[in-house]
K.L.:
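What follows is a structure written as structure tokens; I'll ask about it next.
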There are 2 protein chains.
Amino acid sequence: MNATPPPPRYVAIAEALRARILAGDWPPGHPIPTEASLMAEFGCSRMTVYRALWGLAEAGLITRRRRAGSHVAAPRREEAVFGIHDIEAEIARSGAPYRYERLSRALRPAGRAERARLGLAGPAEVLALGARHFAGPRAFVLEDRLIHLAAVPAARSESFATVPPGRWLLSHVPWNEAEHRISAEPAGAFEAAALAIPRGAPLLVLARRTWSGEVPVTAVRLCYPGPDYALVGRFRPGG
Amino acid sequence: MNATPPPPRYVAIAEALRARILAGDWPPGHPIPTEASLMAEFGCSRMTVYRALWGLAEAGLITRRRRAGSHVAAPRREEAVFGIHDIEAEIARSGAPYRYERLSRALRPAGRAERARLGLAGPAEVLALGARHFAGPRAFVLEDRLIHLAAVPAARSESFATVPPGRWLLSHVPWNEAEHRISAEPAGAFEAAALAIPRGAPLLVLARRTWSGEVPVTAVRLCYPGPDYALVGRFRPGG
DNA sequence: GAGTGGTCTAGACCACTGA
DNA sequence: CAGTGGTCTAGACCACTCA
């Protein structure tokens with residue numbers, strides 16, 4: 001009957017607040033109680049509360065400002081989750097006009113491969129989307145996405161004809177865990193046609209799966225044409 | 001004459017310790033003074049020292065254990081700097097025998113393109129290396145590396161005939177800042193021959209530049225054949 | 001100006017673990 | 001078992017910034 005040792009109180013406080021944020025009780029922008037009131041709520045000193053809030057701020061879940069107080073942070077850009085500054089941000093900076101085009105939309109029970117892609121064990125309904133993103137006249141990324149409707153019921157009635165699903169999802173399921181997989185693959189017939197490149201040309205493929213808690217939310221495959229685009233990241237051991 | 005506001009004391013303490021580690025005064029494994037002695041050295045309370053050491057531990061520069069004290073951490077694997085668990089680790093786990101083969105070695109003044117690759121303004125001497133890494137009979141990565149000899153003089157007398165330069169560099173210049181660039185490119189004649197793949201086949205190219213402080217150390221270009229390999233990373237907003 | 005977070009102090013007790 | 005780090009307290013002063 002060995003009980004696990006109780007976590008430090010600052011961890012317990014941070015987890016309690018994190019749970020309320022992840023559950024959606026506190027949406028982005030919602031104020032966090034002040035340190036003084038958290039001291040009263042949890043019956044501990046201010047340093048302990050401070051340390052809990054510090055961890056949440058460092059993790060990016062909340063923002064803290066003097067006098068203004070602490071608030072649930074606005075969700076980061078989907079791409080920024082990777083810790084990598086990527087192409088779309090560069091394109092936005094370059095000033096080329098951005099355009100989104102939906103190619104396909106289908107609502108259906110998930111097939112075997114689709115369940116595997118989302119990491120689902122049992123039957124489920126999915127929304128399958130195909131789309132292109134343009135910088136100026138040029139398609140710079142091809143998107144192939146599955147959305148797990150049980151996790152995001154509101155997506156069922158969304159057409160995604162003009163709103164990119166990535167952006168829409170961020171505003172509806174802001175806090176995710178994500179897994180990324182980057183590989184290089186030859187363009188198939190579909191990719192080649194959609195991106196206006198030769199068949200067999202190299203594609204930079206970024207596959208991302210996201211969860212909210214334990215529930216799979218979406219699986220997306222982004223194909224970038226050839227050597228024109230790259231993911232860039234900068235890191236220091238010292239942070 | 002506005003002086004910049006002084007940094008918090010815990011930041012100043014952390015920077016002082018970080019400088020000694022990055023300068024190599026304290027090699028990996030070297031003990032960090034105890035909190036008590038740092039309190040005396042910097043004339044502050046234990047919480048302040050603790051916070052400085054906490055930041056360094058979180059950044060991975062030091063390890064902390066009760067009773068044993070704090071020590072400079074062993075350098076992370078080069079690939080782990082990316083925060084990405086990659087192929088080579090998987091290959092090691094799969095049990096396939098690893099083999100390294102040097103293809104070329106040249107000591108020369110850096111040309112214009114090489115200076116640009118390293119991010120050097122003025123003239124410099126470089127060691128240019130070509131190598132292959134095998135998993136069993138199969139070449140899984142082609143390496144093309146420049147080493148800035150002024151930053152790592154000891155490399156001049158190293159043949160790298162049997163020791164992979166990445167591993168050698170880690171043990172000689174353990175603490176780096178790194179920039180990564182990932183792209184997909186078609187295999188040229190040289191890459192195709194070296195990796196035994198068709199010309200034009202997709203390559204996953206990881207280009208990494210590292211600095212020690214402000215000094216460029218090395219620039220490496222790693223080519224992974226086609227869709228067989230992928231970089232995988234997992235991230236949570238909550239850390 | 002008042003209330004918030006950011007930093008800091010001078011203690012304290014505890015858990016862990018290497019000598 | 002003694003010394004280390006991990007946590008916590010009950011204060012304090014300051015900087016910033018919104019009302």
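Chain letters run A, B, ... following the sequence lines, proteins first and then strands; every chain starts at 1.
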K.L.:
Send over the distance from A/Arg65 CZ to C/dG3 C1', rounded to a whole Å.
P.N.:
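Atom CZ in A/Arg65 sits about 14 Å away from atom C1' in C/dG3.
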K.L.:
Tell me the interatomic distance from B/Phe42, atom CZ, to C/dC8, atom P, rounded to whole angstroms.
P.N.:
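These atoms are roughly 13 Å apart.
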K.L.:
Quick one: A/Arg64 CZ to C/dT7 P, roughly how many Å, whole number?
P.N.:
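Interatomic distance, CZ of A/Arg64 to P of C/dT7: 10 Å.
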K.L.:
Using ring pair (Phe, Tyr, Trp, His ring centres under 6.0 Å) as the criterion, list what pairs up with B/Tyr10, not counting sequence neighbours.
P.N.:
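If we apply the ring pair (Phe, Tyr, Trp, His ring centres under 6.0 Å) test to B/Tyr10, skipping adjacent residues, there are no hits.
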K.L.:
Look at the aromatic rings of A/Phe140 and A/Tyr224 and report parallel, tilted or perpendicular, splitting at 30° and 60°.
P.N.:
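Ring orientation of A/Phe140 relative to A/Tyr224: tilted.
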K.L.:
Quick one: list whatever passes ring pair (Phe, Tyr, Trp, His ring centres under 6.0 Å) with B/Tyr100, sequence neighbours left out.
P.N.:
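Testing B/Tyr100 for ring pair (Phe, Tyr, Trp, His ring centres under 6.0 Å), a comparison that skips the adjacent residues, returns B/His133.
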K.L.:
For B/Thr218 and B/Arg145, does a side-chain donor sit closer than 3.5 Å to a side-chain acceptor?
P.N.:
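Side chains of B/Thr218 and B/Arg145: pair found under 3.5 Å.
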K.L.:
Does C/dT9 have its OP1 or OP2 closer than 4.0 Å to a side-chain nitrogen or oxygen of B/Thr48?
P.N.:
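Answer is yes, contact under 4.0 Å.
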K.L.:
Taking only residues two or more places apart in sequence or in another chain, which ones pass side-chain hydrogen bond (donor to acceptor under 3.5 Å, both in side chains) with B/Thr63?
P.N.:
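If we apply the side-chain hydrogen bond (donor to acceptor under 3.5 Å, both in side chains) test to B/Thr63, skipping adjacent residues, there are no hits.
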K.L.:
Does a side-chain N or O from A/Tyr10 land closer than 4.0 Å to OP1 or OP2 of D/dT7, or not?
P.N.:
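Yes, A/Tyr10 has a side-chain N/O under 4.0 Å of OP1/OP2 on D/dT7.
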K.L.:
Using a cut-off of less than 4.0 Å, is there contact between a side-chain N or O of A/Arg51 and OP1 or OP2 of D/dT7?
P.N.:
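Answer is yes, contact under 4.0 Å.
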K.L.:
Output every pair passing salt bridge (Lys or Arg N to Asp or Glu O under 4.0 Å) with a member in residues 23-52 of chain B, not counting sequence neighbours, ordered by first then second residue.
P.N.:
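Sorted pair list: B/Arg20-B/Glu41, B/Glu35-B/Arg46, B/Glu35-B/Arg64.
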K.L.:
For nucleotides 11-16 of chain D, read 5' to 3', which letter fits each nucleotide if B means a protein heavy atom sits under 4.0 Å from the base, S means only the sugar-phosphate is that close, and - means neither?
P.N.:
-B--BB
K.L.:
Among residues at least two apart in sequence or on other chains, which ones pass side chain to side chain contact (heavy atoms under 4.5 Å, CB included) with A/Ala14?
P.N.:
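Side chain to side chain contact (heavy atoms under 4.5 Å, CB included) check on A/Ala14 returns A/Ala52, A/Leu56.
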K.L.:
Among residues at least two apart in sequence or on other chains, which ones pass ring pair (Phe, Tyr, Trp, His ring centres under 6.0 Å) with B/His30?
P.N.:
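B/His30 satisfies ring pair (Phe, Tyr, Trp, His ring centres under 6.0 Å) with B/Trp26 only.
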K.L.:
Looking at B/Ser70, does any N or O in its side chain come under 4.0 Å of the phosphate oxygens OP1/OP2 on D/dG5?
P.N.:
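So the side-chain polar atoms of B/Ser70 do come within 4.0 Å of the phosphate oxygens OP1 or OP2 of D/dG5, strictly under.
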K.L.:
I want to verify a distance call: between D/dC8, D/dT9, D/dC18, whose nearest atom is closest to the A/Ala68 side chain?
P.N.:
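Given the options D/dC8, D/dT9, D/dC18, the side chain of A/Ala68 is closest to D/dC18.
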K.L.:
Can you tell me if the side-chain N/O atoms of A/Arg9 get under 4.0 Å from OP1 or OP2 in D/dT9?
P.N.:
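Result: yes.
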K.L.:
Provide, to the nearest angstrom, the distance between the CD atom belonging to B/Glu58 and the P atom belonging to D/dG5.
P.N.:
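B/Glu58 atom CD is separated from D/dG5 atom P by 17 Å.
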K.L.:
Considering only heavy atoms, which members of residues 30-38 of chain B lie under 4.0 Å from some atom of DNA chain C?
P.N.:
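Residues of residues 30-38 of chain B that come under 4.0 Å of DNA chain C do not exist, since none gets that close.
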K.L.:
Once you build an axis from the first five pairs and another from the last five of the helix from C/dG1-D/dC18 to C/dG18-D/dC1, how far apart in angle are they, to 10 degrees?
P.N.:
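The end axes of the helix from C/dG1-D/dC18 to C/dG18-D/dC1 are about 10° apart, to the nearest 10°.
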K.L.:
Return the set of residues passing side chain to side chain contact (heavy atoms under 4.5 Å, CB included) with B/Ala121 (not counting sequence neighbours), or none when no residue passes.
P.N.:
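Once residues adjacent in sequence are excluded, B/Ala121 has no partner under the side chain to side chain contact (heavy atoms under 4.5 Å, CB included) criterion.
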K.L.:
Given D/dT7, is OP1 or OP2 found less than 4.0 Å from the side-chain N or O atoms of B/Tyr50?
P.N.:
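Checking D/dT7 against B/Tyr50, a side-chain N or O does come within under 4.0 Å of OP1 or OP2.
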K.L.:
By the salt bridge (Lys or Arg N to Asp or Glu O under 4.0 Å) test, which pairs, at least two apart or in different chains, include something from residues 148-162 of chain A?
P.N.:
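Residue pairs with at least one partner in residues 148-162 of chain A: A/Glu125-A/Arg156.
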K.L.:
Checking B/Arg138 now: which residues fulfil side-chain hydrogen bond (donor to acceptor under 3.5 Å, both in side chains) with it, not counting sequence neighbours?
P.N.:
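Checked B/Arg138 against side-chain hydrogen bond (donor to acceptor under 3.5 Å, both in side chains); matches are B/Asp228.
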